[in-house]
Amino acid sequence: MPFGNGPHRLRHLRDAVEDAVRGCAPADAAALRAEVDDLLEERALAQAVIEQTAALVVVLDREGRIRRWNSACSRMTGYLAGEMLGQPVWDLLVPEERDAVRATFGRLLAGELTSQYENHWLTRDGQRRLVSWSNVALLDEAGEVRTIVATGLDITERTRAEQTLRRQAMRLEALAEASRVFASGLDYKATLDTVARRLAELIGDGALIRIVSPDGAWLVPVAVYHPSPERAALRRRILAAAPQRTNEGITAGPLASGRTLRIPELTRERVRNEMKPEYWPYLEGVTSLLIAPLAQRHEVFGHITLMRDAGGAPYTAEDEALLEDLAHRAAQAIENARLYSEAQNAVAARDEFLSIASHELRTPLTALRLALGNMRRVTSREALERLPPEHVERVLAAAERQGQRLEKLVAALLDVSRIHMGKLELDLEEVELGALVADAVTQLEDEASQTGSTIAAPGEPVRGAWDRLRLSQVVTNLLSNAVKYGAGKPVEVSYGPSAAGAFILVRDRGIGIEPADQRQIFERFERAVSSRNYGGLGLGLYIVRRIVEAHGGTIRVESAPGEGSAFLVELPLRPLCVRPGRAERERRAAR
Ligand code: ADP
């Protein structure tokens with residue numbers, strides 16, 4: 001018969017002991033009483049410990065029914081001992097763990113003395129608590145397992161804290177690693193691909209990086225990553241087929257504000273409302289979105305977007321902080337890679353320019369040397385007298401032409417370095433455009449007749465305050481290009497007043513310019529043709545543009561390959577703000 005600690009039961013026990021010792025020798029009776037006292041004291045002690053301890057203590061019978069339920073169990077689960085005694089312990093377990101716990105229980109019954117394991121208990125209010133158990137099987141006299149005593153510790157908070165710490169450590173490690181990768185990568189494309197992949201691996205699932213186009217209107221995709229190659233390929237196809245503007249779609253907000261956007265639950269309606277239909281399949285199955293702008297010196301130049309696929313947890317504030325940190329590092333890496341590739345391109349352009357320039361300078365020099373050599377051969381008076389005067393004239397003209405060509409090349413180089421140092425000065429005076437154009441046409445007539453082109457110059461006179469020499473350089477350069485690239489067909493330069501002030505339009509019907517090259521040709525050393533077919537330094541249009549801009553004007557080209565080009569210069573009649581040129585400064589000083 002089990003004895004509890006209640007006073008009633010204790011009295012019962014003591015009466016039974018007195019019955020048993022009646023008739024015994026007094027010494028034996030005293031020893032038995034002392035033994036019983038000891039046992040009772042120990043039992044009270046155990047009872048106190050079980051109730052006071054923070055550990056869960058459950059005693060189970062062979063069927064897994066609860067026979068003992070201490071107060072720690074009640075505190076954790078919310079169920080009192082009175083409700084739980086006699087109940088099967090399995091009901092407390094989360095359903096997916098029940099089988100495993102039964103198996104462990106079976107092994108304990110089969111004679112394994114102890115076991116250690118973890119499982120989740122469900123509390124009265126529906127929470128899950130993780131408990132780490134240590135179990136002992138108690139045997140009866142026959143050696144059979146009578147009860148299982150399970151002692152558990154609630155390790156929910158500890159495990160959570162450990163997981164958080166582990167996650168933070170992983171992220172820190174990943175940040176450090178990403179920084180290392182970013183810092184080592186100077187190849188622009190490779191850096192972007194690495195950035196996208198790392199982000200996808202760290203925060204998941206898909207990543208996209210787009211950069212704002214030079215004109216600020218479009219988003220240019222530069223890296224697309226998804227762990228599934230099929231999904232990545234689909235996204236690349238959509239991005240290529242449906243370019244997105246900077247002010248369109250969900251990205252417009254973060255790009256304009258420079259702030260990260262986190263959408264924990266991305267709904268179908270939101271996608272339908274804010275994205276154009278081409279992008280619906282792109283975001284199909286995406287349930288959470290995180291968009292961080294890429295900025296350098298407060299200027300947003302692109303964005304990184306992370307997309308969580310269905311089934312994954314919504315992005316958290318912690319993910320957002322990590323992405324922001326990574327985006328910041330990525331922006332620096334991208335900027336470094338961009339600067340590096342720009343520097344490399346500049347070096348390559350300069351190298352090419354140097355080789356073209358040396359070739360261009362050598363050609364007239366060789367011709368000049370030939371002409372001089374020709375004349376040297378006839379230095380004696382008699383030989384000279386025998387020479388037909390036309391021959392002498394021809395050789396001298398050739399030498400003069402080459403000398404002029406050299407002079408032009410050197411002047412162009414000087415102009416470029418002047419512009420580069422910000423020293424392009426204008427000497428303004430009143431100029432009549434018609435007369436200036438007529439002069440330029442006369443200068444180029446020889447060159448045109450060699451290619452078979454004619455130059456027409458229709459126009460209306462217009463006067464303005466311009467730098468005569470510089471403006472004449474503009475017209476000559478444009479005309480000379482029109483003749484050079486004009487395939488021997490007629491060239492026309494028209495001019496006159498316009499809304500902006502005055503215009504000059506130089507049109508040819510020659511080889512034309514590919515759309516992709518039309519912007520570059522106005523830059524230094526940029527050429528759209530090979531130096532083998534057409535000589536030239538690639539400086540003319542650069543100088544032209546800078547002269548036009550110095551006058552407060554604009555220049556643009558319209559052209560189609562094979563159909564010719566039209567260069568339109570528009571000038572105000574009087575530049576708004578110019579530094580007075582040398583001549584003007586001298587005039588002022590003389591006054
Ligand atoms: P260059 O003629 O010395 O190469 P420019 O700066 O004058 O240098 O012109 C730059 C490039 O622009 C040329 O190399 C050529 O490719 C292109 N280009 C300029 N004018 C014309 C034109 N009228 N037709 C076709 N291409 C042109």
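Remember, it's 1-based here, ligands and their atoms both numbered in the order they're listed. For this chain, numbers begin at 1 and follow the sequence in order.
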Point to revise | Ile511-ligand 1 polar pair, N/O distance under 3.5 Å | key: no

Point to revise | Minimum side-chain heavy-atom gap Ile547-Asn477 below 4.5 Å | key: no

Exercise for review: Could you establish whether Gly510 and ligand 1 come within less than 4.0 Å of each other, counting only heavy atoms on the residue side?
Suggested key: no

Point to revise | Among Leu294, Leu290, Thr260, Ile291, side chain to side chain contact (heavy atoms under 4.5 Å, CB included) partner for Ile304 | key: Leu294

Practice item. Answer yes when Arg418 and Glu425 have at least one side-chain N-carboxylate O distance shorter than 4.0 Å, and no when they do not. Key: no

Review point. Are side-chain heavy atoms of Tyr225 and Leu199 found at a separation under 4.5 Å?
Key: no

Practice item. Could you tell me whether the side chains of Gln404 and Arg401 share a donor-acceptor contact shorter than 3.5 Å? Key: no

Check your understanding: Backbone or side chain, does any N or O of Tyr485 fall under 3.5 Å from an N or O of ligand 1?
Key -> yes

Point to revise | Sub-4.0 Å heavy-atom contact, Phe522 with ligand 1 | key: no

Practice item. Any atoms of ligand 1 less than 4.0 Å from a non-hydrogen atom of Leu539? List them with their elements. Key: 6 (O), 8 (O)

Review point. Any side-chain heavy atom of Arg231 within less than 4.5 Å of one from Met307?
Key: no

Check your understanding: Short list, please: which atoms of ligand 1 are under 4.0 Å from a heavy atom of Ser565?
Key -> 22 (C), 24 (N), 25 (C)

**Study point:** Polar proximity ligand 1 side, Leu541 side, N/O cut 3.5 Å exclusive
**Key:** yes

**Study point:** Residue portion contacting ligand 1 (non-hydrogen atoms closer than 4.0 Å) for Val544
**Key:** neither

